[in-house]
Every structure is written in structure tokens, then in C-alpha cells.
Amino acid sequence: MAWDFSTEPEFQDKLDWAAEFVRDEVEPLDLVWPAPRNYQPLTPERRKVVDPLKQAVRDHDLWACHLGPELGGRGYGQLKLALLNEILGRSTWAPVIFGTQAPDTGNAEILAHFGTPEQKRRYLEPLLAGEIFSCYSMTEPQAGADPAQFTTRAERDGDHWVINGWKFFSSNARWAEFLIVMAVTDPEAGPHRGMSMFLLPRDTPGVRIERNVGLMFEPPEDGSHALIHYDNVRVPADSLLGEEGRAFAVAQTRLGGGRVHHAMRTVGVAQRALDMLCERALSRYTQGSTLAAKQKVQEYIADSYIQLKQFRLFVLDVAWQIDRFGDYQRVRKDIAAIKALTPTVLHDIVQRTIQVHGALGVSNELPLAHLWVQAPVLGLADGPTEVHKITVARQVLKGYQPTGSLWPSEHIPTRLAEARAKLGVDGS
């Protein structure tokens with residue numbers, strides 16, 4: 001029976017190097033150039049610092065690990081990628097330095113699977129090189145997570161497509177070199193067969209960013225989630241990404257792995273919060289003892305540790321299943337489950353850490369407020385938690401069937417009668 005909770009020594013050495021590298025070399029970038037500067041084109045000053053760090057990652061064979069060797073990655077698989085993402089989750093700059101930042105990772109996978117040779121040459125190669133950023137433009141302001149309500153249309157006009165409609169929360173559009181846009185191409189076919197995916201340069205005429213929405217606490221000018229009006233956007237027929245009407249198949253290629261990456265990076269974020277919680281508990285003295293001696297704080301620490309340990313093992317198990325079966329659809333139930341768990345685990349651990357830090361915890365002199373905001377964001381990114389729970393429930397129920405009789409299958413009188421009949425005794 002193969003069952004191992006360790007990785008090969010050679011890869012563990014890489015993980016150990018990555019952990020030290022992120023802590024000592026990458027985390028300082030978070031302080032000097034905080035998000036969203038990690039998604040902005042590099043200035044000469046930033047390039048002077050960032051390019052050598054990226055090269056160090058390449059020298060250790062850890063660049064773009066989400067892709068296979070034929071696409072410039074290393075092909076380590078989801079489990080090893082999960083272990084790496086646990087480390088990268090500590091820093092907002094780390095995914096960029098390691099070539100695994102969202103949404104570019106998912107967009108690279110789409111291009112790798114469905115892009116034409118010309119699309120790959122023009123967009124995938126510089127994306128993998130870390131020279132450009134991309135945007136996935138799917139959500140619409142009136143539809144939320146329900147693609148059946150999408151109204152953005154793409155209509156064929158000779159050798160072109162004409163796109164009209166609105167998209168909301170198109171992250172990083174303001175800095176993206178290109179956009180991947182989902183649009184309705186056949187309204188009668190329904191969402192699973194009537195939508196197509198398009199690839200177009202951001203500066204295409206008619207692509208109008210109406211405003212850039214910021215997250216909670218972000219100044220308006222720093223917003224990076226665009227409301228976009230596609231106003232008679234005319235693109236060549238070869239802008240189609242994948243087959244016409246197959247946008248859902250294209251989308252699922254990027255979403256499955258992305259949800260695992262989100263979850264494992266959250267493990268790293270939550271571990272950082274737990275480290276802060278424990279340090280504070282041992283350092284703060286009040287009411288005659290350290291906080292670590294207070295039973296309620298001990299409960300906070302225990303609950304956080306238990307919650308994080310369970311979540312980490314679940315995420316690693318999902319990554320292992322993906323590597324073993326090579327089929328995201330087969331692992332759909334558990335992918336949805338960890339996605340539903342992600343915001344809850346992060347919220348609970350960060351909330352306890354804030355509480356133990358008191359006023360300092362809610363100030364802008366600690367990163368806890370920023371970590372806390374990630375929880376509701378993760379509850380909505382790649383589909384809201386409620387939708388994922390519905391998926392989990394439906395998939396779980398497929399493994400069961402109704403009893404087919406008046407009484408439940410565990411009904412003791414019924415089972416007792418069956419047992420007596422099987423054994424040929426009356427039980428006396």
C-alpha cells in the first residue's frame with residue numbers, strides 16, 4: 001500500500017530553498033511595493049530587483065511549475081505544486097516571482113490547450129516568460145455566478161466577430177496585454193453549448209474600461225477589478241479560443257487547478273496568521289500572566305491548529321487525486337469542497353489572531369486586516385461558496401439511493417428480524 005506523507009528528498013530540498021528565498025528575498029517586496037504593484041508592468045527600478053529573483057527561481061527549476069516541460073514549466077504535478085503554493089501563499093509577490101500568479105496561470109493553461117500556434121506565439125510565450133499580464137473577463141454585473149444570465153453577445157459578421165456587452169470584476173484588465181472574454185454566440189443553445197471564448201488585445205477599439213473597482217479598504221485609484229463595456233468590439237474570426245460553443249469546456253480547464261492553488265496558498269496565509277497568534281500569545285503579558293496562559297487564548301490556538309491541519313491534509317489529498325486520475329471532473333466533488341472550506345478556515349484563524357492582537361490587530365501596522373479581507377474575496381472568487389456546497393451535496397448524493405421501503409435501512413426491528421432469519425435463531 002502506497003501511503004506517504006513526505007516528498008522526495010530532492011524536491012524537499014527545493015521546497016526548503018523556496019521557503020527561505022520567499023521569506024528573505026521576496027517578502028520585502030510586499031512592503032516596498034505592496035499589491036497591486038505586483039501586477040503592474042515593471043518600472044526600471046522594480047525590474048532591477050525582480051528580474052534577478054525570477055532568474056534565481058529558474059535556476060532552481062521552480063519557474064511556472066503549473067505547466068509541463070513542453071510549455072516552459074517542470075511538470076511536477078498538482079501535489080508538488082500544492083506544496084510549493086503553500087510557501088508562496090505567504091507573499092503577494094511570490095506567485096509573480098515564481099511565474100504562478102493568478103489569473104495568468106489559468107489563462108496560460110487555456111492557451112496551452114486551446115490556443116492556435118499564432119496565439120501561443122503572440123501571448124503564451126511572453127506570458128510564461130513573465131513579461132506580460134492577462135485578464136479573464138467572464139463575470140457580468142447582472143448575472144453574478146450564473147452564466148445562464150450572461151448577455152454579452154458575440155455575433156459573426158463575415159470574417160469577424162462583433163462583441164457587445166458588459167463584464168464586471170475583470171481582474172487586472174488595466175494592466176493586461178490581452179483579455180480572454182466569454183460571450184454568448186448561440187442564445188438558443190443554452191449556456192453549456194451556446195457560449196464561446198475569445199482572445200483579444202486590451203487595446204482593441206471598443207474595449208472601454210469604465211472604472212476599476214477596488215477591494216475593501218483600497219483607495220479608489222488602486223482598484224484593479226474592471227467594469228468593462230465591450231462596445232461593438234470587432235475582432236477577426238481567428239480570435240476564437242477553442243471551438244465555437246465550447247466556452248464551458250475551456251473554462252473548466254482553468255478553474256479546477258486554480259481552485260486547488262487558491263486553497264493551498266490559503267494554507268500558507270493561515271499558517272502565517274497562526275504564527276503571529278502564537279508569537280503574540282507568548283509575548284503579551286496582562287492580568288498577571290501571558291496571553292498564552294489564558295485558557296481562551298489556548299482554545300484559539302488549538303482550534304486554529306486543528307482547523308489548519310485538517311484543511312491542509314484535505315487539499316493535499318485533492319491534489320494527489322488529480323495527479324493520480326488526471327481528471328478534474330472525477331475529483332469535482334472534493335475540489336468544490338476545499339473551495340467551500342477555504343474562506344471559512346482563513347476567516348476563523350485570522351479573526352482569532354486579530355482578537356489576540358487587540359487594537360494593533362485592526363490597525364494598518366500589521367498585515368492582519370489585509371489577510372482578513374482575503375477571506376470574503378475567496379468566498380466569491382471562482383464561484384461563491386454556496387454554489388460549491390450545492391455541487392458537493394449533489395455529488396455526494398450520487399453515491400446513495402433511497403431505501404425503497406417504509407423503514408430506514410438502519411431500522412433496528414427490521415434488521416433484527418433479518419438477522420434472526422439469517423442465523424436461524426429466535427434470539428432467546
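Along the sequence shown, residues carry numbers from 1. Note that the coordinates shown come from a computational prediction; the quantities given were computed from them, not determined experimentally.
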I'd like to know if the side chain of K54 reaches the main chain of G130, judged simply by a donor and an acceptor atom lying under 3.5 Å from each other, with no hydrogens or angles considered. yes
Are the side chains of L308 and V267 in touch, meaning some heavy atoms are under 4.5 Å apart? yes
Taking CZ in R234 as the centre, count heavy atoms belonging to other residues, nucleotides or ligands within less than 6.0 Å. Is the count above 12? yes
At their closest point, which heavy atom of P28 faces which heavy atom of R23, and how far apart are they? CD-O, 4.0 Å
Determine whether H357 and L366 make a side-chain contact, defined as any pair of heavy atoms from C-beta on separated by less than 4.5 Å. yes
Heavy-atom side-chain proximity of T290 to L282 below 4.5 angstrom: no
The reported gap from CG in L277 to CD in Q271 (rounded to nearest 0.5 angstrom) is 10.5 Å
Without swapping roles, check the side chain of K339 against the backbone of V260 for a donor-acceptor pair under 3.5 Å. no
Polar side chain donor-acceptor pair, D51 to Q55, under 3.5 angstrom: no
Kindly assign one of parallel, tilted or perpendicular to the pair W17 and H60, based on the angle between their ring planes and the thresholds 30° and 60°. parallel
Is it the case that more than 12 heavy atoms not belonging to E365 sit under 6.0 Å from its CD atom? no
Kindly indicate, with the supporting measurements, whether the criterion ring pair (Phe, Tyr, Trp, His ring centres under 6.0 Å) is fulfilled by W161 and F198. CA-CA 9 Å; W161 290 92; F198 296 88; 5.2 Å; yes
Is E210 salt-bridged to R208, cutoff N-O under 4.0 Å? yes
Please determine if K14 forms a cation-pi arrangement with Y76, meaning its NZ or CZ atom is less than 6.0 Å from the six-membered ring centre and no more than 45° off the ring axis. no
Check whether more than 12 heavy atoms from other residues, nucleotides or ligands sit under 6.0 Å from atom CD of Q298, and answer yes or no. yes
Checking the side chain of T204 only, and the main-chain atoms of V207 only, is there a donor and an acceptor separated by less than 3.5 Å? no
Do you know the tightest heavy-atom contact between N38 and T92? ND2-O, 3.0 Å
Q321 and D334: side chain donor to acceptor below 3.5 Å: yes
Between CG of L199 and CD of E118, what distance do you get to the nearest 0.5 Å? 10.5 Å
Do you see a donor-acceptor pair shorter than 3.5 Å between the side chains of T353 and Y300? no
Do L62 and C65 come close enough that some side-chain heavy atom pair is under 4.5 Å? yes
After noting the C-alpha distance and the side-chain angles of F5 and L316, does the key distance pass the side-chain contact (heavy atoms from CB on, under 4.5 Å) rule? CA-CA 10 Å; F5 288 95; L316 289 175; over 6 Å; no
Greater than 12 external heavy atoms within 6.0 Å of Y305's OH: no
Of all the heavy-atom pairs spanning L179 and A173, show the shortest one and how long it is. CD2-CB, 4.2 Å
Ignoring hydrogens and angles, state whether a donor on the side chain of Q78 or Y328 is under 3.5 Å from an acceptor on the partner side chain. yes
Looking only at atom types and distance, does a side-chain atom of S239 sit under 3.5 Å from a main-chain N or O of V235, one as donor and one as acceptor? no
Heavy-atom closest pair (L346 atom, L371 atom, distance to 0.1 Å) is CD2-O, 3.8 Å
Please tell me if the side chains of Q374 and H347 come closer than 4.5 Å, counting only heavy atoms from C-beta onward. no
Would you say the side-chain atoms of T391 pair up with the backbone N or O of V387, donor to acceptor, closer than 3.5 Å? yes
Rounded distance (nearest 0.5 Å) linking atom CG of L241 with atom CG of L111: 5.5 Å
Please determine whether side-chain contact (heavy atoms from CB on, under 4.5 Å) holds for the pair I228 and S137, giving the CA-CA distance in whole Å, both sets of side-chain angles, and the decisive distance to 0.1 Å. CA-CA 9 Å; I228 304 178; S137 190; 4.2 Å; yes
Might you confirm whether atom CD of Q295 has over 12 heavy atoms from other residues, nucleotides or ligands at distances under 6.0 Å? no
Heavy-atom donor-acceptor pair, Q142 side chain to Q149 backbone, under 3.5 Å: yes
Any donor-acceptor N/O pair, N85 side chain to L81 backbone, under 3.5 Å: yes
Gap separating the CH2 atom of W175 from the OH atom of Y39, nearest 0.5 angstrom: 10.5 Å
From Q119 atom CD to T116 atom OG1, the distance as rounded to the nearest 0.5 Å: 3.5 Å
Interatomic distance, L29 atom CG to E27 atom CD [nearest 0.5 angstrom]: 10.5 Å
Any non-hydrogen side-chain atom of V50 less than 4.5 Å from a side-chain atom of W93? yes
Donor-acceptor side-chain pairing of E140 and T152 below 3.5 angstrom: yes
N212 side chain to S224 main-chain N or O, any donor-acceptor pair under 3.5 Å? no
Any donor-acceptor pair under 3.5 Å from R352 side chain to V297 backbone: no
Could you go through E386 and K389, starting from their C-alpha distance and side-chain angles, then the distance that decides it, and tell me whether this counts as salt bridge (Lys or Arg N to Asp or Glu O under 4.0 Å)? CA-CA 5 Å; E386 294 80 1; K389 287 185 176 181; over 6 Å; no
Do Q351 and D348 meet the criterion of a side-chain donor-acceptor pair at a distance under 3.5 Å? no
Is it true that the side chains of R153 and N164 contain a donor and an acceptor less than 3.5 Å apart? no
Whether the R312 and Q307 side chains hold a donor-acceptor pair (N or O, under 3.5 Å, no angle test) is what I'd like checked. no
With the threshold set at 4.0 Å, does a side-chain nitrogen-carboxylate oxygen contact exist between R202 and E177? no
S289-K294 side chain donor-acceptor pair, cut-off 3.5 Å: yes
If you look at every heavy atom in S91 and P95, which pair is closest and at what distance? O-CD, 3.3 Å
Between R47 and E131, is the closest basic N to carboxylate O distance under 4.0 Å? yes
Would L227 and I209 count as a side-chain contact (heavy atoms from CB on, under 4.5 Å) here? Give the steps. CA-CA 6 Å; L227 173 67; I209 296 179; over 6 Å; no
Determine whether the aromatic ring centres of W166 and Y230 lie less than 6.0 Å apart. no
Do the rings of F178 and Y123 sit parallel, tilted or perpendicular, given the 30° and 60° boundaries? tilted
Between D30 and R37 (salt bridge meaning N to carboxylate O under 4.0 Å), is one present in this structure? no
Does the side chain of F21 come within less than 4.5 Å of L53's, by heavy atoms? yes
Heavy-atom pair with the smallest gap, counting every atom of V350 and A273: CG2-CB, 3.9 Å
Is a side-chain N or O of S196 found less than 3.5 angstrom from the main chain of G245, in a donor-acceptor match? yes
Any side-chain heavy atom of M138 within less than 4.5 Å of one from M197? no
Take Q40 and F133, measure what side-chain contact (heavy atoms from CB on, under 4.5 Å) needs, and give me the verdict at the end. CA-CA 8 Å; Q40 297 175 10; F133 296 105; 5.8 Å; no
